[in-house]
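Some notes on the structure that comes next.
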Amino acid sequence: MLQLTTLRQNAEGVISALAKRQVDARPAIDALLALNEQRRQVQAETENLQSEANKLAKSIGQLFREGKAAEAEGMKAQSGAIKERLSELASELHALEGKEHDQLVALPNIPHVSVVAGKSAEDNEIVESWGQAPVLAEGHVPHWELTERYKLIDFERGVKITGAGFPVYTGKGARLQRALIQFFLDRNTEAGYLEVQPPYFINEASGFGTGQLPDKEGQMYHMTTDNLYAIPTAEVPVTNLLRDEIVAENDLPIKMTAYSPCFRREAGSYGKDVRGLNRLHQFDKVEIVCVEHPSKSYERLEEMVAHVASLLRDLGLHYRILRLCGGDMGFTSALTYDFEVWSAAQERWLEVSSVSNFETFQANRLMLRYRSQEDHKPHLAHTLNGSALALPRIVAALLENNQSPDGISIPEVLRPYTGFDRINE
RNA sequence: GGAGAAGUGGCAGAGUGGUCGAAUGCACUGGUCUUGAAAACCAGCGUACGGAAACGUACCAGGGGUUCGAAUCCCUUCUUCUCCGCCA
């Protein structure tokens with residue numbers, strides 16, 4: 001959520017920045033500012049009247065204490081009239097505030113200066129690439145054939161017990177999942193992230209805090225009986241840990257990491273995009289989250305990107321890093337780097353991580369602030385997060401890229417976790 | 001799930017209809033004192049919105065109500081605690 005003061009002070013700047021997202025925000029912002037003006041006017045009027053009513057009530061109390069009951073009774077009538085007008089104003093103000101909030105919440109985050117204008121994934125810039133595509137032996141196959149051949153994943157039974165997109169990992173497939181989770185958590189912890197195990201269901205307030213609600217409820221599984229949502233990413237519970245809190249400036253940065261299953265409804269896509277592990281309704285991910293001082297958040301973003309890159313290099317996966325263009329960037333982000341790994345048998349890039357700086361966009365919804373040592377006042381913190389890493393596509397790439405006619409080799413760094421160095425029959 | 005009790009500022013804890021945004025203690029910040037620190041003393045010390053400011057308004061778990069006036073009374077939701085039940 002953008003800050004109203006920003007809009008009031010620099011509407012033109014916001015409009016031109018949002019244009020990089022291919023959004024013409026002018027009508028929305030004009031309407032919002034007009035609404036804001038109206039709200040402030042009604043608020044001022046309401047508060048003046050409240051002030052009057054308060055003074056009157058005090059005088060009445062005074063009169064009663066002095067035993068001047070008759071005079072007091074007379075003033076009560078006056079107070080009644082004010083009260084009537086006040087309740088009209090109050091409901092008007094309430095409605096205006098609601099509208100203002102709804103419109104404000106509908107505006108996406110302002111892209112960072114380094115973000116280029118662009119429409120879609122085509123316009124993203126490749127900022128780094130590492131390794132090279134492995135040359136596979138004759139007879140290589142995509143990962144969904146490998147998982148079947150070596151009995152790593154039982155997609156069919158997943159369909160039986162739940163539905164499409166809910167795989168059942170078995171044997172070395174299950175062990176590989178556990179190994180990756182453990183490896184990522186260990187590496188993140190070594191890099192200074194505090195390990196956290198959050199709940200996997202969240203309430204509405206949490207969904208609002210990180211930007212999933214309102215508007216994106218269709219992407220989450222919703223348990224209507226208890227009005228809870230299954231988390232689409234650990235970002236939601238972990239970032240919300242600090243909702244409505246004012247942290248000490250000294251405590252920044254706050255770095256946390258969490259493993260969680262992620263649940264996404266992702267309705268409406270079929271074909272090769274969703275084949276095998278490419279896109280699932282339930283998948284595992286290890287997330288990193290940072291809360292940082294505004295002056296250091298971009299430094300921190302670079303650090304997070306470097307950290308994620310180091311994980312991929314350790315796994316020996318050919319990857320590239322993209323800086324997303326305005327049009328491809330998420331609603332809440334100011335700057336996003338996507339990581340893609342090369343899937344050698346599918347011969348395509350698969351997104352495995354997305355690392356973003358949200359600046360104050362989430363913090364403003366979360367009311368997540370730090371107390372400045374300079375002015376001793378609370379200021380909005382910056383929040384950042386990234387995947388480190390999402391498992392399914394990593395598994396897809398590992399299986400495909402490391403396959404040979406007699407099996408699949410496990411990267412060196414994972415062997416202490418898997419307890420085996422090859423997958424074969 | 002059943003019965004009961006309770007939710008006040010960072011923490012502890014007063015406050016049962018009027019001058020309470022809220023005593024007091026601790027913590028914290030600044031200062032005096034000190035070679036330095038501690039102690040002591042003095043001062044400050046919630047948040048949001050509106051306002052150039054003075055200041056105003058709101059907030060005592062959330063929402064609603066009674067009243068001229070609510071932290072205080074009523075309704076409701078949530079949470080916590082105790083006992084019982086169930087249970088990994």
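We name chains A, B, ... by the order of the sequence lines, and we start the count at 1 in each one.
In terms of position along RNA chain B, the nucleotide closest to A/Gln43 lies nearer the 5' end than the nucleotide closest to the other residue of the pair A/Gln43 and A/Ile60. With the nearest nucleotide of RNA chain B identified for both A/Ser79 and A/Gly61, A/Gly61 has the one nearer the 5' end.
B/rC75 and B/rA5 are spaced 13 Å apart, taking the P atom of each and rounding to whole Å. A gap of 25 Å separates the P atoms of B/rG31 and B/rA23, to the nearest Å. Across the P atoms, B/rA48 and B/rC84 are found 45 Å apart, a figure rounded to whole Å. Nucleotides B/rC42 and B/rU47, compared at atom P, are 25 Å apart to the nearest Å. To the nearest whole angstrom, the two P atoms, one in B/rU19 and one in B/rU72, are 13 Å apart. Distance noted for atom P between B/rG30 and B/rA38: 12 Å (whole Å). Distance noted for atom C1' between B/rA43 and B/rG7: 33 Å (whole Å). When the C1' atom is compared between B/rA70 and B/rG63, the two are found 16 Å apart, to the nearest whole Å.
Using N1 to N3 plus N6-O4 or O6-N4 for Watson-Crick, or N1-O2 and O6-N3 for G-U wobble, each under 3.5 Å, B/rA37 pairs with nothing. With a cut-off of 3.5 Å on both pairing distances, B/rG21 has no Watson-Crick or G-U wobble partner at all. With both pairing distances under 3.5 Å, B/rA43 is matched to B/rU29 as a Watson-Crick or G-U wobble pair. The partner of B/rU57 is B/rA48, by the rule that a Watson-Crick or G-U pair needs both atom distances under 3.5 Å. A 3.5 Å limit on both hydrogen-bonding distances identifies no Watson-Crick or G-U partner for B/rG85. Judged by Watson-Crick or G-U wobble contacts below 3.5 Å, the nucleotide B/rA5 has B/rU80 as its partner.
Residue pairs satisfying the ring pair (Phe, Tyr, Trp, His ring centres under 6.0 Å) criterion with at least one member in residues 195-220 of chain A, sequence neighbours excluded, are listed as follows: A/His101-A/Phe208.
Bounding nucleotides for the chain A contact on RNA chain B, 5' to 3', at a heavy-atom distance below 4.0 Å, are B/rG18 to B/rG69.
Residue A/Asn48 is out of contact with every strand shown, counting any heavy-atom pair closer than 4.0 Å.
Under the 3.5 Å distance criterion, the side-chain polar atoms of A/Glu400 are left unmatched by any main-chain donor or acceptor of A/Pro142.
Residue-environment remark: CD (A/Glu148) stays at or below the threshold of 12 foreign heavy atoms within 6.0 Å.
Listed by chain and number, the residues in a ring-ring contact (aromatic ring centres under 6.0 Å, His included) with A/His222 are A/Tyr229 (sequence neighbours excluded). By the ring-ring contact (aromatic ring centres under 6.0 Å, His included) test, A/Tyr259 is found to be paired with no residue, residues two or more places apart in sequence or in another chain being considered. With sequence neighbours excluded, the residues forming a ring-ring contact (aromatic ring centres under 6.0 Å, His included) with A/Phe166 are A/His281, listed by chain and number. Under the ring-ring contact (aromatic ring centres under 6.0 Å, His included) criterion, A/Phe361 pairs with A/Phe331, sequence neighbours left out.
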